[in-house]
Amino acid sequence: MIDSFRQLARFLVRAEQFLDRLEPLLPPASTGPDWAAACAFRWRTQRGTGYLQPITRLPGIRLSDLQDIDEQKARIDANTRHFVAGLPANNVLLTGARGSGKSSLIKALLNEYAPQGLRVIEVEKGDLIDLPDIVEMIDGRPERFLIFCDDLSFDAGDARYKALKVVLDGSFAAAPENVLVYATSNRRHLMPEYFAENLDHQHQGEEIHPGEAIEEKISLSERFGLWISFYPFDQEAYLKIVAHWLGAFGCHQDEIVSAERDALNWALERGSRSGRVAWQFARDWAGRQRVAPSRAKRRRTAALPVAAPPSARKRPRDGA
């Protein structure tokens with residue numbers, strides 16, 4: 001009897017050690033997100049299990065901060081306003097020049113409409129395969145969700161775009177009415193295109209019907225109901241954006257005027273006159289201007305003669 005208890009005890013110890021080694025390999029317990037913790041979430045995966053991570057620090061950019069994209073701003077603002085109000089609205093694809101404000105526009109829309117129930121879920125391209133799970137998680141909730149895919153593009157042969165097609169408009173089941181997809185990309189059709197794919201081309205590898213391959217690529221972008229294009233800024237628009245951000249950083253008008261030449265040189269060095277470049281210059285220039293007066297003040301202070309304290313001054317002798 002005693003031997004049986006000893007064998008059982010040894011078995012339980014070994015079983016506990018085995019479970020301790022096995023536990024780190026198991027996926028974490030699935031828990032629902034704290035919807036009250038944030039207005040934006042990021043989809044994360046850990047050991048094969050996905051979850052929504054709250055984003056507690058959001059950029060303070062507003063729609064009024066985005067300059068010289070008034071037409072694009074008006075179109076997506078109207079679509080988002082309709083969506084938040086429960087009216088029909090479209091999925092949106094923002095394409096065009098880099099640094100022209102595509103991603104910033106989504107952030108500004110969240111700051112504008114978060115008090116009315118708008119929420120954003122950021123999903124990286126590598127996690128698009130989990131889109132059906134994300135949509136199922138938020139289906140039926142009272143909030144209005146934008147699934148945000150930034151800098152979206154696919155290489156030839158990348159099959160992950162099919163998951164996005166299903167969520168957009170390709171499944172037998174209807175998409176939830178409280179979910180839209182907003183994506184940004186530098187490619188209008190999200191996938192690479194080649195001269196050899198022209199319909200006049202008679203032979204392309206082993207493909208018998210090259211036109212159908214083109215239709216497969218274009219069909220993804222066509223599932224976005226609203227296309228909004230962004231274009232490079234000219235010099236006047238670039239300087240206007242620089243002036244806006246310098247003013248936001250506390251620079252006076254005379255400082256803004258004197259910074260124009262430096263702003264143009266900054267853009268020339270980077271080969272781009274974009275809103276991002278203008279914002280980066282304004283941060284650098286405003287920071288240097290705030291440091292320079294402090295250094296000059298310290299130099300002036302160091303140059304002033306230091307008066308001796310009263311206790312160190314010599315008193316005249318009696319009768320001197």
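All values reported here derive from a predicted model rather than from experimental measurement.
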Report summary line: What one should report as the nearest heavy-atom pair of Ala259 and Leu246 is CB-CD1, 3.8 Å

Query - Check ion pair Glu122-Lys107 (N to O, under 4.0 angstrom) - result: no

Requested in this report: Would you check if the side chain of Asp234 reaches a backbone N or O of Ala237 as a donor-acceptor pair within less than 3.5 Å?
Outcome: yes

Query raised in the report: If Ile, Leu, Val, Met, Phe, Trp and Tyr residues are connected whenever their side-chain heavy atoms lie under 4.5 Å apart, and connections chain through other members, are Ile228 and Ile69 in the same group?
Result: yes

Requested in this report: Output, in order, the C-alpha distance, side-chain angles, deciding distance and verdict of side chain to side chain contact (heavy atoms under 4.5 Å, CB included) for Leu239 and Gln235.
Outcome: CA-CA 6 Å; Leu239 290 177; Gln235 178 172 304; 4.2 Å; yes

Query raised in the report: Is any side-chain heavy atom of Asp68 closer than 4.5 Å to a side-chain heavy atom of Lys240?
Result: yes

Query raised in the report: Does Glu236 use its side chain to pair, donor to acceptor, with the backbone of Phe233 at less than 3.5 Å?
Result: no

Query raised in the report: Is the side chain of Asn79 donor-acceptor paired with the backbone N or O of Asn90 at a distance under 3.5 Å, no angle test?
Result: yes

Query raised in the report: Any idea which heavy atoms bring Phe249 and Ala286 closest together, and the distance?
Result: CB-CB, 3.8 Å

Query raised in the report: Going from OG on Ser100 to CG on Leu66, what distance comes out if it is rounded to the nearest 0.5 angstrom?
Result: 10.5 Å

Query - Closest contact, heavy atoms only, Trp35 versus Arg141 - result: CD1-CZ, 3.1 Å

Query raised in the report: Distance-only, no hydrogens or angles: does the Asp77 side chain make a donor-acceptor pair with backbone N or O of Leu109 under 3.5 Å?
Result: no

Query raised in the report: If two hydrophobic side chains count as joined below 4.5 Å and joins carry through other members, does Leu226 share a cluster with Val179?
Result: no

Query raised in the report: Should Ile138 and Pro176 count as side-chain neighbours, where that means a heavy-atom distance under 4.5 Å?
Result: no

Report task. Compare every heavy atom of Lys102 with every heavy atom of Gly99, then report the nearest pair and how far apart it is. Result -> N-NZ, 4.5 Å

**Report entry** Close aromatic pair by centroid cut-off 6.0 Å: Tyr51 and Trp43
**Finding:** no

Query raised in the report: To the nearest 0.5 Å, how far apart are OG in Ser104 and CZ in Arg276?
Result: 7.5 Å

Requested in this report: Examine Leu63 and Ile61 and state if one hydrophobic cluster contains both, with Ile, Leu, Val, Met, Phe, Trp and Tyr joined whenever side-chain heavy atoms are less than 4.5 Å apart.
Outcome: yes

Requested in this report: Could you grab the distance from atom CD1 of Ile76 to atom CG of Leu93, nearest 0.5 Å is fine?
Outcome: 10.0 Å

Requested in this report: Any chance you could lay out the side chain to side chain contact (heavy atoms under 4.5 Å, CB included) test for Asp127 and Asp130, step after step, and finish with the verdict?
Outcome: CA-CA 6 Å; Asp127 295 326; Asp130 297 329; 4.3 Å; yes

Report summary line: Here the gap from Ile129 atom CD1 to Ile134 atom CD1, rounded to the nearest 0.5 Å, amounts to 11.0 Å

Query raised in the report: Does Arg81 CZ have over 12 foreign heavy atoms under 6.0 Å away?
Result: yes

**Report entry** Heavy-atom closest contact (Ser103 atom, Asp150 atom, distance)
**Finding:** OG-OD1, 2.7 Å

**Report entry** Donor-acceptor contact present, side-chain Glu112 to main-chain Arg62, <3.5 Å
**Finding:** no

Query - Heavy-atom pair of closest approach, residues Ala37 and Thr56 - result: O-CG2, 4.4 Å

Query raised in the report: Can you check whether Phe148 reaches Thr184 side chain to side chain, under 4.5 Å on heavy atoms?
Result: yes

Requested in this report: Rounded to the nearest 0.5 Å, what's the gap from CG on Asp65 to CG on Leu105? Could you check?
Outcome: 11.5 Å

Query - Ring centroid separation Tyr238 to Trp266 under 6.0 Å - result: no

Query raised in the report: In terms of hydrophobic clusters joined by side-chain contacts under 4.5 Å, are Trp245 and Val277 together?
Result: no

Report task. State, with a plain yes or no, whether a side-chain heavy atom of Arg119 is found less than 4.5 Å away from one of Leu146. Result -> no

Query raised in the report: When you measure from the side chain of Arg144 to the backbone N and O of Glu177, does any donor-acceptor pair fall under 3.5 Å?
Result: yes

Requested in this report: List the steps, then state whether side chain to side chain contact (heavy atoms under 4.5 Å, CB included) holds for Ser272 with Arg98.
Outcome: CA-CA 9 Å; Ser272 173; Arg98 65 186 188 276; 3.9 Å; yes

Query raised in the report: Do the non-hydrogen side-chain atoms of Thr80 and Tyr113 ever get within less than 4.5 Å of each other?
Result: yes

**Report entry** Straight-line distance of Leu118 CG to Cys39 SG, nearest 0.5 Å
**Finding:** 8.5 Å

Requested in this report: Check whether any side-chain N or O of Asn111 sits under 3.5 Å from a backbone N or O of Pro59 as a donor-acceptor pair, and report yes or no.
Outcome: yes

Query raised in the report: Is any side-chain heavy atom of Trp285 closer than 4.5 Å to a side-chain heavy atom of Val242?
Result: no

Query raised in the report: Are side-chain heavy atoms of Ser185 and Asp151 found at a separation under 4.5 Å?
Result: no

Query raised in the report: Do Leu58 and Ile121 share a hydrophobic cluster, counting only Ile, Leu, Val, Met, Phe, Trp and Tyr and linking them when any side-chain heavy atoms are less than 4.5 Å apart?
Result: no

Requested in this report: Assess whether side chain to side chain contact (heavy atoms under 4.5 Å, CB included) is satisfied between Gln253 and Ile256, documenting all intermediate values.
Outcome: CA-CA 5 Å; Gln253 184 59 36; Ile256 295 174; 4.2 Å; yes

Requested in this report: Check whether any side-chain heavy atom of Val120 lies under 4.5 Å from a side-chain heavy atom of Ile147, and answer yes or no.
Outcome: no

